Amino acid sequence: MFILKRVVSGGGIIVPRCTSHSVRNFSACHCLRSTKRLSPYNTVDSERYSSLVKSVMTSRTSSQTPETLQEEDENIYGPVIKAQTSKSRQDERVPKILHQFLQSEETMEAEELESGPPVQIPLKRDKGSPFIPSVTRILQQTLSPEQIFYLERWKKRMIAELGEDGFKEYTQNLFRQGKLFHSALEGILTSGVTIKDKSSGTAEDPAEVQGYLESISHILDDIGAVRAIESTVQHDTLNYVGIVDCVARYRGVLCVIDWKTSDKPKPFLSNTYDNPVQVAAYAGALNSDGNYKYQVENGLIVVAYKDGTPAHAHQLSAELMLQYWKTWLLRLEDFAEQRSSHTSSVYAKNK
DNA sequence: GGATCCTTCTTCTTCTTC
């Protein structure tokens with residue numbers, strides 16, 4: 001088996017073509033005879049092992065199979081939490097009740113709504129009123145077993161590298177940067193000065209957000225008619241709240257915009273994990289919220305980078321938003337189920 | 001005044017050789 005692996009990684013046995021000299025039979029080519037290092041594997045009876053080698057080559061698996069990887073992870077990180085549903089089954093799942101994403105046919109496209117400063121509705125939690133969960137909380141509590149596994153693994157690796165305190169400092173720093181970036185943007189977008197003039201930031205902006213602001217400057221060029229900043233949205237029937245980063249026109253289309261900071265590049269929408277679901281959840285709430293007299297069908301996720309590298313902007317079409325709205329409804333169902341099973345278990349305990 | 005809330009982020013395979 002060792003020989004086989006070496007043959008495979010050494011290459012050129014199954015497809016014995018010499019790429020330098022277009023000689024079909026690599027072992028017959030003069031370059032092989034003249035090379036300083038003659039591989040002992042050239043003497044391997046390739047005919048005899050061809051089917052075996054072929055099976056290895058075509059299976060596209062490395063010596064580390066999912067099984068061995070899992071075994072290794074279990075040894076290092078403890079048992080893996082298995083997915084409850086397969087991906088295909090998850091795709092087939094449909095919300096029990098398909099709540100509307102858009103509320104009324106008559107979408108107010110009135111120009112007068114676009115004039116004036118953006119709204120900023122603060123979050124009010126009345127003491128007497130029942131607790132309403134937030135978008136972030138629901139997303140956090142309904143992560144898939146895979147997500148939990150990868151996050152836990154990442155956390156353990158980071159702690160192993162930085163230590164408990166180092167890791168705490170690292171995450172605090174990430175949060176601080178995100179918050180500073182958001183507040184700097186809030187200042188830029190709410191100020192009367194045109195976005196473009198302010199996109200480079202101001203003297204008051206801390207040095208560590210300058211790169212992020214530079215990163216999104218080309219995005220800000222395409223943003224106009226800012227209508228809401230850091231504003232609370234509440235779904236009137238689905239009973240959840242959230243705070244939208246921004247509602248504005250991006251390239252002429254009204255969007256719920258979510259600003260993100262990231263150390264790693266996120267060039268694809270799939271790199272943003274639950275962010276699209278979060279945006280769809282906000283938009284759906286906003287569309288049902290009487291405080292907003294318009295509907296938002298599109299979304300935008302902007303990932304900014306500290307070193308000033310141009311941000312990645314992921315635009316969510318109305319169609320995509322509907323798709324993520326359904327995912328959100330499923331997450332809401334899971335959350336409700338979780339809560340009811342929790343309360344019933346508490347009830348049983350107290351009985 | 002203290003506690004809590006909403007956010008802020010973090011994930012997706014891995015190894016060697018020329």
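Note that the structure is predicted; figures quoted are calculated from it, not measured. No hydrogens, no waters, no symmetry mates; every other heavy atom, side chains included, goes into these values.
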TODO: Could you tell me whether R137(A) contacts a base, only the sugar-phosphate backbone, or nothing, with contacts defined as non-hydrogen atoms closer than 4.0 Å?
DONE: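 Sugar-phosphate contact only.
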
Open item on the list: Heavy atoms only, 4.0 Å cut-off, all strands: where does K266(A) land among base, sugar-phosphate and nothing?
Closed with: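 The residue K266(A) makes sugar-phosphate contact but no base contact.
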
Look at the side-chain N and O atoms of [X] and state whether any lies under 4.0 Å from the OP1 or OP2 oxygen of [N].
{"X": "Q140(A)", "N": "dC5(B)", "value": "no"}
{"X": "T171(A)", "N": "dT10(B)", "value": "no"}
{"X": "Y212(A)", "N": "dT8(B)", "value": "no"}
{"X": "S134(A)", "N": "dT7(B)", "value": "yes"}
{"X": "T261(A)", "N": "dT8(B)", "value": "no"}
{"X": "K264(A)", "N": "dT10(B)", "value": "no"}

Please give, in whole Å, the distance from [N] [atom2] to [X] [atom1]?
{"X": "E186(A)", "N": "dT7(B)", "atom1": "CD", "atom2": "C1'", "result": "12 Å"}
{"X": "L174(A)", "N": "dT7(B)", "atom1": "CG", "atom2": "P", "result": "19 Å"}
{"X": "I301(A)", "N": "dT7(B)", "atom1": "CD1", "atom2": "C1'", "result": "16 Å"}
{"X": "Q172(A)", "N": "dT10(B)", "atom1": "CD", "atom2": "C1'", "result": "14 Å"}

Open item on the list: Counting only heavy atoms not in F268(A) (residues, nucleotides, ligands), do more than 12 fall under 6.0 Å from its CZ?
Closed with: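 Not more than 12 within 6.0 Å, no.
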
- [ ] Flag yes if more than 12 heavy atoms outside E169(A) fall under 6.0 Å of its CD atom; otherwise flag no.
- [x]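 Incorrect, the count does not exceed 12.
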
- [ ] Ignoring the backbone of I243(A), work out which of dT8(B), dT7(B), dT10(B) is nearest its side chain.
- [x]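 Side chain of I243(A) sits closest to dT7(B).
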
TODO: Could you tell me whether the side chain of L316(A) reaches within less than 4.5 Å of the side chain of I301(A), counting heavy atoms only?
DONE: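 They are in contact (side-chain heavy atoms under 4.5 Å apart), so the answer is yes.
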
TODO: Over all heavy atoms of both residues, which pair between I223(A) and A248(A) is shortest? Give the atoms and the distance, please.
DONE: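 Closest pair (atom of I223(A), atom of A248(A), distance): CG2-CB, 3.9 Å.
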
TODO: For Q234(A) and K124(A), test the side chains for any donor-to-acceptor distance below 3.5 angstrom and give the result as yes or no.
DONE: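 Short answer, no.
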
Open item on the list: Quick test of the criterion, 5.5 Å between centres and less than 30° between planes. Is F175(A) stacked on dT8(B) or not?
Closed with: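 So yes, this residue stacks on that base, both cut-offs being met.
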
